[in-house]
Amino acid sequence: MPSRTVVISGASIAGPALAFWLHRHGMHPVVVERFPHLRPGGQTVDIRGAGQNVTRLMGIEEEIRAGSTGEEGIRFLDADGRTKAAFSSAAFGGRGFVTELEILRGELSALLYERTRRNTEYIFGDEVSEVHEEPGHLRLAFKSGAERKADLLVAADGIRSRTRDLVFGDTTRIRSRGLYTAYFTIPRHPSDGNWARWYNFPGGKSVTLRPDNLGTTRALMSFLSPPHGYDRMPEEEQKELMRHTFAGHGGPVPRTLGEMRDCDDFYLEEVAQVHMPRWSRGRVAAVGDAAYCASPLSGMGTNLALVGAYILAGELGTHDDHRDAFAAYEKVLRPYVAQAQDLPPGTPRLALPRTQAGINVLHAVLRAATTPPVSKVVRRFLVPAAYDFELPAYPTR
Ligand SMILES: Cc1cc2nc3c(=O)[nH]c(=O)nc-3n(C[C@H](O)[C@H](O)[C@H](O)COP(=O)(O)OP(=O)(O)OC[C@H]3O[C@@H](n4cnc5c(N)ncnc54)[C@H](O)[C@@H]3O)c2cc1C
């Protein structure tokens, strides 16, 4: 097989995972990350099915288990703190809200970086700004002014991937799910405990507080809204938007908004999916959220990144011609991605009712969720369909 140099943009999950497997297949990965350092933020991400199998093949499954947040389950509460429904992490066979294998996104990213940094060139604080396809290679220009040649380029820079947009232009569809979510870390209170707590508020809003393994609490505030470009506003304006949107609500809201003021990892996103007709063009491909973000509503983002990286590297390792490898990557992975992106109808509106009566119905349904026949319907919402995917085996060094 040719020993290719592959430049990867993005050092979160998909980028370092791809670097790991490319090295195993005898290639030279170079990862360029726009931020000056590895990004630490984010909540717990679930690792399921084929994603878990990839971590096993990478030899990191037990490290992930050791870095688990130890979340024992999730409770749905009213604003007065009364539990309306609860699911332990064992509910739905360990495949529901809380999975058996979970870790903070930032911890997983750091673990993948540690596992790859000796065999991968990492460049922080820079990004690809121009891509020129020349006979037999790519010539890449970087924002810093640097230039370099590469055999291939892979966009692993997330849902708003600029690298993808440089090459694939407007063929990408970003499909909004009508929801904004803010993630941030707040101080842990003694009453926070080891269960996640989910509170609904009229107007299609929710607050979730989740324990982590670092002595803090992870907050997630969501509200239904058509796209308004809030994710592109300066951070202070975004925080003001959250204060305005949640003003007047009780329960955990005053505390969460108060502590949001001083958090240093605030991140507001428009919840959306990425759909691309093709995941490669010439010598450039895309992986992870950049190519097929399924949105946090799917519970599958990290799995798609891990599995996509494994398959892309595996196909490159077993094909001389990158065009054949890219075609095989799509053929193998498309069905898995399609399953993950196929969210149940009514998502996310059903989980964020606009009225108190709707919230009461949601709580009643959740209370009945483990009893047949309701469990069959609720399962469709809580357990991603993507458990049945069998990983191809690729010979590695
Ligand atoms: C800070 C952060 C917090 C997150 N929190 C959560 C969460 O709480 N829950 C959840 O379900 N998902 C979260 N996600 C998304 C989650 O990581 C992904 O859905 C999934 O793991 C797939 O990862 P990815 O590597 O494809 O993309 P991402 O995780 O989005 O990573 C993309 C990486 O590319 C970098 N980047 C962006 N633009 C460029 C560029 N032009 N050049 C080079 N690098 C670039 C970004 O800084 C980032 O490191 C978060 C992502 C980030 C970056």
Side-chain angles (χ1 to χ4, degrees), residues 7-20 30-48 51 54-55 69 97 99 102-113 122-131 140 142-144 153-167 177 179 181-185 196 208 210 212 218-222 231 263-274 279 285-309 312 337 340-341 384:
V7 171
I8 304 163
S9 72
S12 172
I13 307 297
L18 180 63
F20 177 96
V30 178
V31 178
V32 54
E33 164 62 46
R34 184 160 64 96
F35 270 68
H37 49 73
L38 221 50
R39 297 177 68 176
Q43 312 262 324
T44 310
V45 290
D46 299 323
I47 299 172
R48 311 166 181 267
V54 171
T55 65
T69 60
F97 278 113
T99 51
E102 41 82 22
I103 185 170
L104 291 172
R105 188 213 64 92
E107 298 279 285
L108 178 59
S109 182
L111 172 55
L112 293 171
Y113 171 71
Y122 275 92
I123 303 165
F124 287 98
D126 207 353
E127 63 186 283
V128 175
S129 56
E130 287 174 35
V131 181
L140 305 176
F142 291 79
K143 204 170 176 188
S144 61
L153 169 67
V154 180
D157 46 348
I159 185 168
R160 301 284 165 195
S161 169
R162 292 185 200 172
T163 314
R164 172 196 67 211
D165 292 347
L166 276 179
V167 177
R177 301 300 307 192
L179 182 73
T181 297
Y183 307 94
F184 49 97
T185 305
T208 308
R210 302 184 73 170
D212 68 19
R218 304 282 161 149
L220 190 151
M221 299 182 92
S222 297
D231 48 321
C263 73
D264 57 7
D265 61 350
F266 183 87
Y267 175 64
L268 178 82
E269 71 166 1
E270 180 195 341
V271 175
Q273 291 191 333
V274 173
W279 296 333
V287 69
D289 273 10
Y292 32 75
C293 176
S295 89
L297 302 168
S298 71
M300 286 298 294
T302 299
N303 298 284
L304 291 178
L306 291 169
V307 174
L312 177 54
V337 167
Q341 290 192 321

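We number each residue from 1, following the sequence as shown. Computed from a predicted model, the values in this text were never measured in an experiment. Atoms within each ligand, like the ligands themselves, are counted from 1 in listed order.
Looking only at side-chain heavy atoms (C-beta outward), N303 and I47 come within less than 4.5 Å of each other. The side-chain heavy atoms of R34 and K143, taken from C-beta on, include no pair separated by under 4.5 Å. Proximity of V271 to P296: side-chain heavy atoms (C-beta onward) are separated by under 4.5 Å at one or more points. Using a 4.5 Å heavy-atom cutoff, the side chains of R210 and T44 are in contact. In this structure, V274 and Y292 have side chains that are not in contact, with every pair of non-hydrogen atoms separated by 4.5 Å or more. Residues I13 and V45 fail the side-chain proximity criterion, which asks for heavy atoms closer than 4.5 Å. With contacts defined as side-chain heavy-atom distances shorter than 4.5 Å, the pair E107/D212 does not qualify. Counting heavy atoms from C-beta outward, T208 and Q43 have side chains that stay 4.5 Å or more apart.
Interface atoms of ligand 1 facing V32, defined by a heavy-atom separation under 4.0 Å, are 43 (C), 44 (N). Each of the following atoms of ligand 1 lies closer than 4.0 Å to a heavy atom of I13: 21 (O), 23 (O), 25 (O). For ligand 1, the atoms lying closer than 4.0 Å to a non-hydrogen atom of G301 are 20 (C), 22 (C). If you number the atoms of ligand 1 from 1 as listed, the ones under 4.0 Å from a heavy atom of A305 come out as 22 (C). Less than 4.0 angstrom separates some heavy atom of S12 from each of these atoms of ligand 1: 17 (O), 25 (O), 28 (P), 29 (O), 31 (O), 32 (C), 33 (C), 48 (C), 49 (O). Every atom of ligand 1 is numbered from 1 in the order shown, and the set under 4.0 Å from a heavy atom of P296 is 11 (O). Residue G288 has at least one heavy-atom neighbour below 4.0 Å for each of these atoms of ligand 1: 26 (O).
Residue T44 has no N or O atom closer than 3.5 Å to an N or O atom of ligand 1.
Closest to atom 16 (C) of ligand 1, if we only count protein heavy atoms, is R105 CD, 4.0 Å. Protein heavy atom in closest approach to atom 42 (N) of ligand 1: E127 CB, 3.5 Å. The closest protein non-hydrogen atom to atom 47 (O) of ligand 1 is E33 OE2, 2.6 Å. The protein heavy atom nearest to atom 18 (C) of ligand 1 is D289 OD2, 3.2 Å. Atom 7 (C) of ligand 1 has its closest protein heavy atom at Q43 N, 3.6 Å. The protein atom (non-hydrogen) at minimum distance from atom 21 (O) of ligand 1 is T302 OG1, 3.1 Å.
Residue-level proximity to ligand 1 for R34 is carried by backbone and side chain together, each with a heavy atom below 4.0 angstrom. At a heavy-atom cutoff of 4.0 Å, ligand 1 is contacted by no atom of S161, backbone or side chain. Residue-level proximity to ligand 1 for A14 is carried by backbone and side chain together, each with a heavy atom below 4.0 angstrom. With a 4.0 Å heavy-atom cut-off, ligand 1 is reached by no atom of L304.
The line from CG of D165 to CG of D157 is 8.5 Å long, rounded to the nearest 0.5 Å. Rounded to the nearest 0.5 Å, atoms CG (L108) and CD1 (I103) are 5.5 Å apart.
With atom 12 (N) of ligand 1 as the reference point, the heavy atom nearest to it among V45, D46, L104, I123 is part of V45. When T163, L297, D157 are checked for heavy-atom proximity to atom 37 (C) of ligand 1, D157 turns out nearest. The heavy atom nearest to atom 30 (O) of ligand 1, out of those in G42, S129, G158, is found in G158.
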Checking side chain to side chain donor-acceptor pair (under 3.5 Å) for the pair S9/R162: CA distance, chi angles, key distance, verdict? CA-CA 9 Å; S9 72; R162 292 185 200 172; over 6 Å; no
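Between F35 and H37, the ring planes lie perpendicular to each other; the angle is over 60°, past the 30° to 60° tilted range. Ring planes of Y183 and Y267: parallel class, angle under 30° (limits at 30 and 60°).
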